[in-house]
Engineer: 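The structure's right below; bear with me while I get my questions together.
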Amino acid sequence: MISKIKFPKSELHCDYTFNGGQAFRWKIGSDGKWIGVFAHRVWKLWQDDNFIFYEVYPPKNSASASADEETLLKEYLRSDESLSDLYKDWSKRDRMFEEAAKKFTGVRMLKQDPVEIIFTFICSSNNNITRIKSMVDKMSKFYGNEIAEVDGETYHDFPTVEKLAHPSVLSDLQKAAFGYRAKFIQQSANKIMEFGGQEWINRLEKLPYKEAKAELIKLPGIGAKVADCICLMSLNHLEAIPVDTHVFQIAARYYLPHLKTMKSVTERVYNEIGDHFRSVFGDYAGWGHSVLFCDELKGFKDETSGSKRKKSQTKENRKCSKN
DNA sequence: GGCCGACCTGTGAG
DNA sequence: ACTCACAGGTCGG
């Protein structure tokens, strides 16, 4: 059954939102529609200028079920937030944003599941998008419940923490080429169980941002950057700014020139950058910054505009000291 | 407190 | 075919 909700494209641009580095379970099917998993269901999504159309699997027929699903979709998209209002506010606050906003319309910050985001971003460190996606798929396939078969492919829910805490997970994931992240995943799952499992996770959303972040950093494989991703994308702490290498470069180039001499991002600098963007963009700084940095994402590099900054000599370190 | 190298793996440029 | 750097970092010394 196909349903639809009114949702102008200016409020959601599926390509930028689903492919922008915040979600790793969306792909475009052979029919050209987005297909992905959230809220324990498989969703097919597509849009025109004014509506989002969707189908849910396994299909439900009763009207009450579909009303329920509309709510789930709206929560996932944070439909209560007016993106046009946010864009107006951010544009007023920052000239760089004003420019980026012309190109990257409809970038929403999704409200994703904390468990999935925690383990997805543990995988993200020092890694590339393709492999991160395949790792998320593997975790789901190994330990997640089967949800539905769509177009000949079986989709799985993301596993529970309890499943990921099982001792066999370490060797399973090592065999599946997770590398050093296998240990982080299994150990973090265990620690979350020790801390109280889902209740501990629920508490993270209620805690103030900085306290939630401090809790997350207790988990192995989670440092400042990954903790901020988790806060921003799944815990409603929209002021969290994940400072990666790109953000650092841009911050030093356009906002905080004195950082140009820094060799690496220390904790102090990390916080300085976050605080700066929070002072510029306000309470939803993390969301705003994600629009700003769309331009830095590989997937969105416009090959027709030859204005790519050459990566050039930002790293003149010739330290080929091999044994 | 800051800096440096090691770290699993897959991929793509040279 | 075969290095080698790099990829949304984290950890330990």
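Convention: sequence-line order gives letters A, B, ...; per-chain numbering from 1.
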Engineer: Could you tell me how far C:dA1 sits from B:dT9 if I compare only their P atoms? Round to whole Å.
Structural biologist: 23 Å
Engineer: Tell me which nucleotide among B:dG2, B:dC4, C:dT10 gets nearest to the side chain of A:Lys263.
Structural biologist: B:dC4
Engineer: Determine the Euclidean distance between corresponding C1' atoms of C:dA5 and B:dG5; express it in Å to zero decimal places.
Structural biologist: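 The answer is 16 Å between these two C1' atoms.
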Engineer: Quick one: on DNA chain C, does A:Gly221 or A:Val247 contact a more 5' nucleotide (nearest heavy atom)?
Structural biologist: A:Val247
Engineer: Distance check, P atoms only: B:dG10 and C:dC11, in whole angstrom units.
Structural biologist: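 Between the two P atoms, the distance is 23 Å.
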Engineer: Which whole-number value in Å describes the distance from A:Met135 CE to C:dG9 P?
Structural biologist: 14 Å
Engineer: If the plane angle is over 60° it's perpendicular, under 30° parallel, otherwise tilted; pick one for A:Trp90 and A:Tyr87.
Structural biologist: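 If you compare the ring of A:Trp90 with that of A:Tyr87, the planes turn out tilted.
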Engineer: So A:Gly21, base contact, sugar-phosphate only, or nothing? Heavy-atom distance under 4.0 Å.
Structural biologist: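 Result for A:Gly21 = base.
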Engineer: Per the ring pair (Phe, Tyr, Trp, His ring centres under 6.0 Å) rule, which among A:Trp287, A:Phe248, A:Tyr255 passes with A:Phe277?
Structural biologist: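 Only match with A:Phe277 under ring pair (Phe, Tyr, Trp, His ring centres under 6.0 Å): A:Tyr255.
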Engineer: Does B:dC8 have a Watson-Crick or wobble partner in any strand here, with both distances under 3.5 angstrom, and which is it?
Structural biologist: none
Engineer: If you draw the axis of the six-membered ring of A:Phe51, does the NZ or CZ of A:Lys6 fall within 45° of it and under 6.0 Å from the ring centre?
Structural biologist: yes
Engineer: Answer with base, sugar-phosphate or nothing: what part of the nucleic acid does A:Pro220 contact at a heavy-atom distance below 4.0 Å?
Structural biologist: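 Contact class for A:Pro220: sugar-phosphate only.
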Engineer: Of the nucleotides C:dT10, B:dG2, C:dG8, which has the atom closest to the A:Ile129 side chain?
Structural biologist: C:dG8
Engineer: For A:Ile132, report the nucleic acid contact type (base, sugar-phosphate, nothing); a contact means any heavy atom under 4.0 Å.
Structural biologist: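 Nothing, no nucleic acid heavy atom in range.
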Engineer: What one-letter contact string describes nucleotides 9-14 of chain B from 5' to 3', where B marks a base within less than 4.0 Å of any protein heavy atom, S marks contact via sugar-phosphate atoms alone, and - marks no contact?
Structural biologist: BS----
Engineer: Is A:Arg78 paired with A:Glu75 through a side-chain N to carboxylate O contact shorter than 4.0 Å?
Structural biologist: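 Salt bridge: no.
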Engineer: Expressed as a whole number of Å, how far does the P atom of C:dG8 sit from that of B:dC4?
Structural biologist: 23 Å
Engineer: Taking atom C1' of C:dG12 as reference, at what distance in whole Å does atom NZ of A:Lys183 sit?
Structural biologist: 11 Å
Engineer: Quote, to the nearest angstrom, the P distance that separates B:dC8 from C:dC2.
Structural biologist: 25 Å
Engineer: Nearest to the side chain of A:Phe184, which nucleotide is it out of C:dG8, C:dG9, C:dC11?
Structural biologist: C:dC11
Engineer: Between A:Lys218 (NZ) and C:dC11 (C1'), how many Å, whole number?
Structural biologist: 18 Å
Engineer: What's the verdict on side chain to side chain contact (heavy atoms under 4.5 Å, CB included) for A:Gln186 and A:Lys183, showing C-alpha distance, side-chain angles and the deciding distance?
Structural biologist: CA-CA 5 Å; A:Gln186 205 265 342; A:Lys183 188 159 45 92; over 6 Å; no
Engineer: Rounded to whole Å, please give me the gap between CG in A:Leu259 and P in B:dG2.
Structural biologist: 13 Å
Engineer: Ring centres of A:Phe121 and A:Phe24 under 6.0 Å apart?
Structural biologist: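 Between A:Phe24 and A:Phe121, which both carry aromatic rings, the centre distance is below 6.0 Å.
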Engineer: What is the distance, rounded to the nearest whole Å, between atom CG of A:Asp228 and atom P of C:dG9?
Structural biologist: 13 Å
Engineer: Under 3.5 Å, is there a donor-acceptor pair linking the side chains of A:Glu211 and A:His237?
Structural biologist: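 Side-chain D/A pair, A:Glu211 to A:His237: absent.
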Engineer: Give the rounded distance in Å between these two atoms: CG of A:Leu170 and P of B:dC8.
Structural biologist: 12 Å
Engineer: Would you say the side chain of A:Val42 lies within less than 4.5 Å of the side chain of A:Val56, judging by non-hydrogen atoms?
Structural biologist: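 Not touching, per the 4.5 Å side-chain cut-off.
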Engineer: Which part of the nucleic acid, if any, lies within contact of A:Leu173, taking any heavy atom under 4.0 Å across all strands shown: a base, the sugar-phosphate backbone alone, or nothing?
Structural biologist: nothing
Engineer: Rounded to whole Å, how long is the line connecting atom OH of A:Tyr270 with atom C1' of C:dG8?
Structural biologist: 10 Å
Engineer: Can you tell me how far P of B:dC8 sits from CD1 of A:Ile122, to the nearest Å?
Structural biologist: 16 Å
